[in-house]
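Since we're looking at a predicted model, the values are computed, not measured.
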Amino acid sequence: VAAYIHGYTPYGYFGLPDGFDVDGSEENLAEIRRFLNDRLREKVGGRGGGGNAAGGGGNDDAAASAFCHGVQYFDDHASIMGYSATHTKFLKVFVGMPTMIPKL
């Protein structure tokens, strides 16, 4: 079942491996976002979740934002229901379309 809700931005949490340090600064998160935009552009084939991602005279910044809308860093989250996981640091990644989450 899929539901498209106006105003909702799809996201996913991704656990960071031990030893992977993110300082959480805007510059660092912007660099991660640019990397994920490039990665999604390769995997999706230039078709974004909105905007003019395939080129053709549009604004490049608007096209890039069609893939990865934002990244947040969390270092105080744990898995639910007592599941003991080794991950305690996570990235919350906002994307243009729900189908882009598995492609990350």
Side-chain angles (χ1 to χ4, degrees):
V1 175
Y4 291 97
I5 302 169
H6 179 71
Y8 172 76
T9 304
Y11 65 89
Y13 284 97
F14 298 90
L16 300 175
D18 290 335
F20 190 86
D21 292 324
V22 175
D23 63 8
S25 69
E26 289 296 323
E27 295 83 20
N28 194 315
L29 294 177
E31 184 177 335
I32 292 170
R33 180 174 176 254
R34 279 190 298 274
F35 174 80
L36 292 174
N37 271 327
D38 294 342
R39 188 91 168 142
L40 282 169
R41 185 175 292 114
E42 291 172 10
K43 295 231 178 203
V44 174
R47 298 178 313 273
N52 188 12
N59 184 350
D60 288 338
D61 290 337
S65 69
F67 296 99
C68 182
H69 291 270
V71 176
Q72 292 178 343
Y73 172 67
F74 294 96
D75 62 354
D76 59 352
H77 279 54
S79 295
I80 60 172
M81 296 191 54
Y83 177 75
S84 60
T86 58
H87 296 76
T88 58
K89 299 176 184 177
F90 294 88
L91 287 179
K92 184 177 183 180
V93 180
F94 297 89
V95 295
M97 295 292 289
T99 56
M100 291 181 183
I101 294 289
K103 291 176 176 30
L104 287 174

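Annotation for Glu31: atom CD does not count as buried by contact number, only 12 or fewer foreign heavy atoms lying within 6.0 Å.
Nearest heavy atoms, Lys43 versus Lys103: CD-O, 3.4 Å. Contact record, Phe74 with Lys92: CE1-CB, 3.5 Å, taken as the closest heavy-atom pair. For Gly70 against Arg33, the heavy-atom pair with the smallest separation is N-NE, 3.8 Å. Residues Cys68 and Val93 share a closest heavy-atom pair of SG-CG1, 3.9 Å. For the residue pair Leu29 and Val71, the shortest heavy atom distance occurs at CD1-O, 3.7 Å. When all heavy atoms of Arg41 and Asp38 are compared, the pair lying nearest together is NH1-OD1, 3.2 Å.
Residues passing the salt bridge (Lys or Arg N to Asp or Glu O under 4.0 Å) test with Asp23, sequence neighbours excluded: none. Every ring pair (Phe, Tyr, Trp, His ring centres under 6.0 Å) that Phe94 has, sequence neighbours left out, goes to Tyr11.
Here the NZ-CZ distance, from Lys89 to Phe20, works out to 10.0 Å after rounding to the nearest 0.5 Å. Interatomic distance, Phe14 CZ to Ile32 CD1, rounded to the nearest 0.5 Å: 12.5 Å.
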Legend entry - Intermediate values then yes/no, side-chain contact (heavy atoms from CB on, under 4.5 Å), Tyr13 and Leu91: CA-CA 6 Å; Tyr13 284 97; Leu91 287 179; over 6 Å; no

